[in-house]
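Have a look at the structure below before the remarks.
We name chains A, B, ... by the order of the sequence lines, and we start the count at 1 in each one. The analysis underlying the following values was restricted to heavy atoms, covering all of them including side chains, and did not include hydrogens, waters or symmetry mates.
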Protein chains: 2
Amino acid sequence: MASLQDVAKKAGVSTATVSRVLNDAPNISPDTRARVKKAIRQLMYKPNRVARRLRSPGGQKKLIGLLIPDIQNPFYVEVLRGVEDVAYANGYSVLLCNYAQDKKKEKSYLDILQSEEIDGLIAAPFDEEDPDIIRLLQSGLSLVCVDRGLKGIDVDIVLVDNFQGAYEATELLLKLGHKRIGYIGGMKSIPSSIQRKQGYVQAHQDYGVPLDEDLIRFGDSKHESGKKISNELLTQPDPPTALFTGNNLITLGALETIHALNLKIPEDIAIVGFDDMYWAISLNPPLTAVRQPGYGYEIGRRATQILFRRIAEPEMEPARVILNPKLIIRKSCGSAQLNAEQE
Amino acid sequence: MASLQDVAKKAGVSTATVSRVLNDAPNISPDTRARVKKAIRQLMYKPNRVARRLRSPGGQKKLIGLLIPDIQNPFYVEVLRGVEDVAYANGYSVLLCNYAQDKKKEKSYLDILQSEEIDGLIAAPFDEEDPDIIRLLQSGLSLVCVDRGLKGIDVDIVLVDNFQGAYEATELLLKLGHKRIGYIGGMKSIPSSIQRKQGYVQAHQDYGVPLDEDLIRFGDSKHESGKKISNELLTQPDPPTALFTGNNLITLGALETIHALNLKIPEDIAIVGFDDMYWAISLNPPLTAVRQPGYGYEIGRRATQILFRRIAEPEMEPARVILNPKLIIRKSCGSAQLNAEQE
DNA sequence: TTGAAAGCGCTAACAT
DNA sequence: ATGTTAGCGCTTTCAA
């Protein structure tokens with residue numbers, strides 16, 4: 001691999017000049033610029049990003065990190081795509097760290113990110129207290145949170161209105177006459193699990209339907225837990241007539257259980273899920289779901305834009321972007337039209 | 001951030017000694033080692049991976065690249081997980097490059113990978129000719145291909161037996177009595193699209209069922225193309241009675257069309273897909289599909305193991321791992337039991 | 001067993 | 001407008 005030195009030699013200039021041409025610095029004679037560019041072409045020179053990163057001050061390293069809880073969750077795939085598109089358009093690469101719901105792995109990735117000289121980080125923390133991320137933030141790293149924030153800390157954050165989404169989902173089921181609606185949340189330590197529960201509770205209160213605390217359960221945000229908890233709920237003596245599932249994977253797990261129990265949707269059991277997927281229409285039956293903007297893509301996109309602003313302007317007021325979810329009504333909760341939008 | 005220099009100063013030794021302790025070099029007195037370790041702890045020192053990568057010879061950079069065509073395809077998510085798990089277990093990070101089926105983006109990512117000082121690359125090339133990847137390989141980079149190889153080049157590769165998987169899928173449909181089976185392939189330039197077509201063709205020949213070339217179509221490996229092509233096939237005067245879809249996303253697209261046309265599966269149209277997903281059982285109806293080992297996870301895992309061997313032993317014979325697919329029979333092709341395995 | 005010093009490829013003062 | 005030089009944080013000869 002040709003180095004910047006080689007280019008300098010070939011063009012008969014100093015390395016500084018080559019560096020200037022590379023970085024579009026002003027005050028270079030058109031002639032030298034041309035000579036350097038020619039040498040670059042001839043040698044097929046590509047700047048070494050590692051060396052550049054080592055030398056460049058913060059904000060010019062052209063690398064950002066993305067820390068997510070679970071790449072198997074299609075929501076985070078969409079977030080990733082949003083992040084990647086904006087980063088790529090700006091000449092940045094993305095170092096993806098998927099901690100797979102494992103707190104130890106998260107910590108280890110945070111160490112790696114710290115020693116990879118990134119310009120900034122987009123992260124969905126393990127939980128609201130996450131001391132490791134807080135330490136990183138306080139050490140001066142530009143950070144934007146997605147999906148969940150940090151307790152008591154005013155950090156840039158982009159997320160959906162979880163309360164509202166859960167409220168609308170629950171409201172739909174209540175309007176359809178359901179009195180016993182199960183809620184299967186993700187991990188109890190994740191703010192979104194709590195906020196979604198609150199929307200669920202508030203809807204019950206507003207509609208005067210008494211709550212049965214036993215129908216409210218939390219798991220670990222994964223497929224398996226949706227499968228297991230839905231089975232517990234549906235095989236008890238007085239089972240719910242509807243289910244509100246707390247995320248993508250939980251919904252898929254619950255569907256699997258429902259089919260295994262040979263229950264009919266929506267006659268025996270109605271279901272509304274948080275998180276829509278572009279193929280949710282091909283599920284059995286087509287799923288009624290709360291869609292986050294762009295299925296998550298929009299969250300990644302916005303977060304990255306904010307991160308770039310934060311990098312350029314570290315003292316900027318923290319941004320707090322709360323996007324609106326949208327209830328997509330399909331067949332899994334009955335043939336209701338009501339007043340929510342349809343796909 | 002404390003640097004290695006700081007540690008050296010604190011411990012009263014040279015930077016070389018600290019480096020030796022860090023890398024578990026021999027010939028260090030237990031006493032010095034202890035002093036250095038203590039300083040490391042006190043300063044909470046973490047080695048800077050960027051500096052290390054810049055200085056280290058190939059094979060010690062602790063970073064590998066993963067280049068994939070489409071992160072929206074759950075198959076590649078599983079491949080990623082397999083790669084990541086093995087890499088992580090060995091102290092390596094993974095730089096993920098998703099070129100989103102875009103050849104220009106692939107080239108650009110290849111440039112980035114080259115200038116990121118990676119130890120090796122796992123890649124699913126855009127097509128078999130891919131000159132950019134070939135150049136990288138010839139420049140001495142350790143490369144393992146997944147899912148598709150490079151024409152005329154003996155490179156390490158891990159993939160599933162596409163011919164066999166397609167053969168079994170088609171055979172199932174033929175045994176069920178279907179005479180007009182549509183094949184919706186991915187991009188024609190991708191070897192797997194061709195190999196799967198060949199399995200489809202061979203099964204027809206073996207079962208003495210004439211081929212209708214018009215039922216064989218190729219698209220772009222994405223959801224939208226599955227949706228569009230299946231619509232073309234199913235709305236023609238003499239439509240097929242069964243569909244064999246060439247990948248994950250094509251299957252989901254086809255399902256969407258089938259439902260939109262209000263056709264019953266499997267009565268009006270049977271469907272078997274290449275690529276199983278762990279939630280395929282929750283589709284409408286539960287999908288009969290060709291499962292790659294671990295849904296793709298196993299391919300990522302094996303490829304990474306081979307990459308590490310290749311890095312350690314560059315002159316090793318190229319490995320060619322061909323894994324067996326497995327036909328998972330569910331309801332989308334009728335209630336057949338036959339002789340294939342069931343889930 | 002340890003240290004001094006060179007240098008990976010680049011950028012950024014500081015000179016000129 | 002261009003060159004000289006120091007140095008980012010580390011590893012690795014070479015010497016002692």
message: With a 4.5 Å cut-off on side-chain heavy atoms, are B/I71 and B/V77 touching?
response: yes
Atom CG of B/L63 and atom C1' of C/dC8 are separated, to the nearest Å, by 16 Å
Those residues at least two apart in sequence (or on a different chain) that pass side-chain hydrogen bond (donor to acceptor under 3.5 Å, both in side chains) with B/Y109 are A/E84
- Message: I'd like to know if the side chain of A/S93 pairs up with that of A/R49 as donor and acceptor (distance under 3.5 Å, no hydrogens or angles considered).
- Response: yes
From CD1 of A/I28 across to C1' of C/dT11 the rounded distance in Å is 13 Å
Q. Should we count NZ of B/K9 as having more than 12 external heavy atoms under 6.0 Å?
A. no
| message | Side chains of B/I306 and B/V158, heavy atoms from C-beta outward: is any pair under 4.5 Å? | response | yes
Distances under 3.5 Å only, N/O to N/O: pair up the protein atoms with those of nucleotides 8-11 of chain D.
unit_1, atom_1, unit_2, atom_2, d
D/dC10, OP1, B/Y45, OH, 2.4
D/dC10, OP1, B/N48, N, 2.8
D/dC10, OP2, B/L4, N, 2.3
D/dC10, OP2, B/Y45, OH, 3.4
D/dT11, OP1, B/N23, ND2, 3.4
D/dT11, OP1, B/R52, NE, 2.8
D/dT11, OP1, B/R52, NH2, 3.3
D/dT11, OP2, B/S19, OG, 2.8
D/dT11, O2, B/R55, NH1, 2.5

Rounded to whole Å, the CG-P distance (A/N27 to C/dA13) equals 15 Å
Atom CG of B/D31 and atom C1' of C/dT1 are separated, to the nearest Å, by 12 Å
In whole angstroms, the gap separating C1' of C/dC8 from CD of B/E116 amounts to 15 Å
Those residues at least two apart in sequence (or on a different chain) that pass side-chain contact (heavy atoms from CB on, under 4.5 Å) with B/Q305 are B/V86, B/R301, B/R302
Review point. B/T32 side chain N/O closer than 4.0 Å to the phosphate oxygens (OP1, OP2) of C/dT1?
Key: no
